[in-house]
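Have a look at the structure below, then the notes.
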Amino acid sequence: MTAIPPTWLQGLLGALIMSLLVALGLRWVRLPYTIALVIVGLMLGWLGEGFLPLEPGGGLMSAEIILFILLPPLLFEGAVQMHIDRLRRNWRPISILAVPGVLLNTVIIGAILWKLLWADAEYGMIYGLLIGSILAATDPVSVLALVRTLGAPKRLSVLIEGESLFNDGTAVVLFNILLISLLTLLAGGELGTSAMITEGIASFLTVVLIGLIIGAVLGSIGNWLMEHSEDHLVEIALTVALAFGSFLIAETLHGSGVIAVVVAGLLVGNHGVEHGMTPTARIGLHHFWEVVVFLINSVLFLMIGYELQSVLTPTTETLRLAFYGIFAALAARLVVFPLTSITNLSRQQPISNEWQLALYWGGLRGSIPIALLLYMSHIVHEGTHLEGYSGLVFIDESVYETMLVIGFAVVLWTLLVQGLTMKPLLQKLGITGVVSESEQEYEIALAEVVASRAALERLGEMAEEGLVSSEDRELLAESYEQQEFAATQRVSLLSRSSIVHAARVENARREMLLAQIESLRDEERRGTISRMVSSRALDRLDEALSESVHAREGIEIASMSNEVGDETTSEVVFDDLLPKRTDEVVGGLKLEDQDE
């Protein structure tokens, strides 16, 4: 019997192979990996379905696959990597952007599109608010994938990532409330403005609270299980079950799956990983989730690019709708400036104008808007039952097609235009990519020490092997010995205040701690050291390892604070590292070109 593989498997393997080829090709093209995948997906879609057997709007690219399979592990990994102390220090701007910010974005986008597109429609205001809720939140998948390639200051990364992780829960809850309101009106029901607002607030609080409780309970259970397990494979498997289980259970109980996953990930990342996991599991967990995120992002962004081209046909009407949507999204995102200015009134870690602009331009959209739009497609074509009403309820197909074009156009704009220009913008604003003069001098001196010692070591080996005479060795080594001595003196002088030096020392401390941990575990397995003594020593070393991680992050923050916005790094010429020319060593010998 010959087994016939499902059609979605062909698409999955094709997308994975293509994404790996893109990853290899980025050695020659300076593009963020995820954005390169979107571009390749667009090109494959334009070339034809034979190049990538995916089903637009179905198969792999469906709302259920995105929301229940691809999204939970990406949210969980992002939450695990976020330190709760940093989140606590920045709770004001993150919370005000995640809740009031999303509400204001929904209203502004909705009002603009209502007036431009559905001013005469019976339910035009609800149509506008619905597409507004879809586009209001920044997408955590797109934002996390981009921020980690930018080298932005740690606090700015926390602000951008924190906003994207939490405002998604707000937007999805708001979308569900508005969708039910629209379906109620379409089914012939009556819904007053005051009733809609009251029921909406009550529903919002209920859904968020259920998500918080589910995430907290499951995260605490997961941490307890990790503390009572010594098997690193079981501990890593627990995190996988927690990522998918918290989302599924919260959604089953009519709560926010997004919030549940984020809360569970925060608890595991800030307690379970540090106090419940063995060092081996900790290292394995990092590598495991790194691979998972890479594979999911690889397939997801390629499919996003492929899906975009199936909707955005180059017509005048498409361009008009795309312009309206992009204009509304950019206008609504301007609320970042007044909202962050409000948080600055406390005068605790104020957000500068440059950072406000970075937050504004970093509001990318991606998988979540696409998933919500695809979720609506079955209501358009197949209808849905609404509790308390008889018969099926349908959404007008022309309205849905308009929303689809607007949503996909905004996603494409943010990923390609904003995503590609984010790094140059940060560099122009002096937020990243600039080092102070003292740090540059330290790194130059360090490079000279490393290179000179390597050259002298190799020269000594060649002399011992008889490949270089002692006289030639002295002539070649003279300049390097002088350079090494001078560079060593500069390193010693600059290291007293160098952040680079502090980072190197902290890295060395971390490696020493890891070596101690591994050696103690080896001796425990051999029976040389009892489990009681080993566990006490490992607990203290784990504590020191966590302190080292926090210290390293503090050094990174200090490094960013020392950057100078208008300073440009001068071009460094390392001619002094070059060995003497052969004619300088041999003397009196005229070297002619071989072609003559």
Side-chain angles (χ1 to χ4, degrees), residues 63-80 82 84 87 91 94-95 98-103 106 130 133-134 136-141 162-184 196-224 238-270 272 367-369 371-372 374-376 379 384-388:
E64 291 77 12
I65 292 293
I66 294 175
L67 292 176
F68 289 93
I69 303 298
L70 302 181
L71 184 61
L74 296 175
L75 289 172
F76 184 82
E77 193 270 344
V80 166
M82 183 169 290
I84 202 163
L87 202 59
W91 72 269
I94 289 175
S95 59
V99 182
V102 171
L103 295 174
T106 300
L130 187 62
S133 67
I134 292 172
T138 58
D139 183 66
V141 178
E163 180 200 1
S164 67
L165 285 173
F166 286 99
N167 68 9
D168 239 44
T170 305
V172 173
V173 172
L174 195 58
F175 166 80
N176 286 326
I177 293 171
L178 290 168
L179 181 61
I180 292 174
S181 301
L182 175 61
L183 294 176
T184 301
M196 184 176 71
I197 294 174
T198 303
E199 292 179 10
I201 293 174
S203 177
F204 175 81
L205 294 176
T206 302
V207 171
V208 170
L209 185 61
I210 292 174
L212 288 171
I213 293 173
I214 295 297
V217 170
L218 293 182
S220 300
I221 293 173
N223 287 341
W224 183 84
L238 277 172
T239 63
V240 177
L242 192 59
F244 290 101
S246 56
F247 190 94
L248 181 60
I249 292 174
E251 290 292 328
T252 303
L253 297 177
H254 305 291
S256 172
V258 173
I259 292 176
V261 172
V262 172
V263 171
L266 285 171
L267 288 175
V268 170
N270 290 274
S367 58
I368 298 297
L372 297 179
L374 294 178
Y375 174 76
M376 292 174 59
I379 302 176
T384 185
H385 288 282
L386 193 63
E387 187 177 353

| query | Do the non-hydrogen side-chain atoms of T106 and F175 ever get within less than 4.5 Å of each other? | reply | no
| note | Sorted by chain and residue number, the ring-ring contact (aromatic ring centres under 6.0 Å, His included) partners of F166 (sequence neighbours excluded) come out as none
Donor-acceptor contacts, no H, no angles, side chain residues 200-221, under 3.5 Å, sequence neighbours left out:
residue : atom : partner : partner atom : Å
T206    : OG1  : A202    : O            : 2.8
S220    : OG   : A216    : O            : 2.8

| Any side-chain heavy-atom pair from L67 and V172 closer than 4.5 angstrom? | no
| query | Do side-chain atoms of N167 reach the backbone of V99 as a donor and acceptor pair under 3.5 angstrom? | reply | no
| Minimum-distance pair of heavy atoms, taken over all atoms of A371 and I66 | CB-CG2, 3.7 Å
Side-chain polar contacts of residues 244-265 - donor-acceptor pairs under 3.5 angstrom, sequence neighbours left out - could you list them?
residue : atom : partner : partner atom : Å
S246    : OG   : L242    : O            : 2.7
S246    : OG   : A243    : O            : 3.4
E251    : OE2  : G257    : N            : 2.9
T252    : OG1  : L248    : O            : 2.7
S256    : OG   : I259    : N            : 3.2

| remark: d(L372 CG, N176 CG) to nearest 0.5 Å is 8.0 Å
| remark: dist T170:OG1 -> E163:CD (nearest 0.5 Å) comes out at 10.0 Å
| query | Which value, rounded to the nearest 0.5 Å, describes the distance between L87 atom CG and N270 atom CG? | reply | 8.5 Å
| task | Among I177, T184, L182, find the residue that satisfies the side-chain contact (heavy atoms from CB on, under 4.5 Å) test when tested with I180. | result | T184
| task | Work out which heavy atom in L266 is nearest to a heavy atom in A79; give both atom names and the distance. | result | CD2-O, 3.6 Å
| request: Report yes if the side chains of F76 and V80 come closer than 4.5 Å at any heavy-atom pair, otherwise no. | output: yes
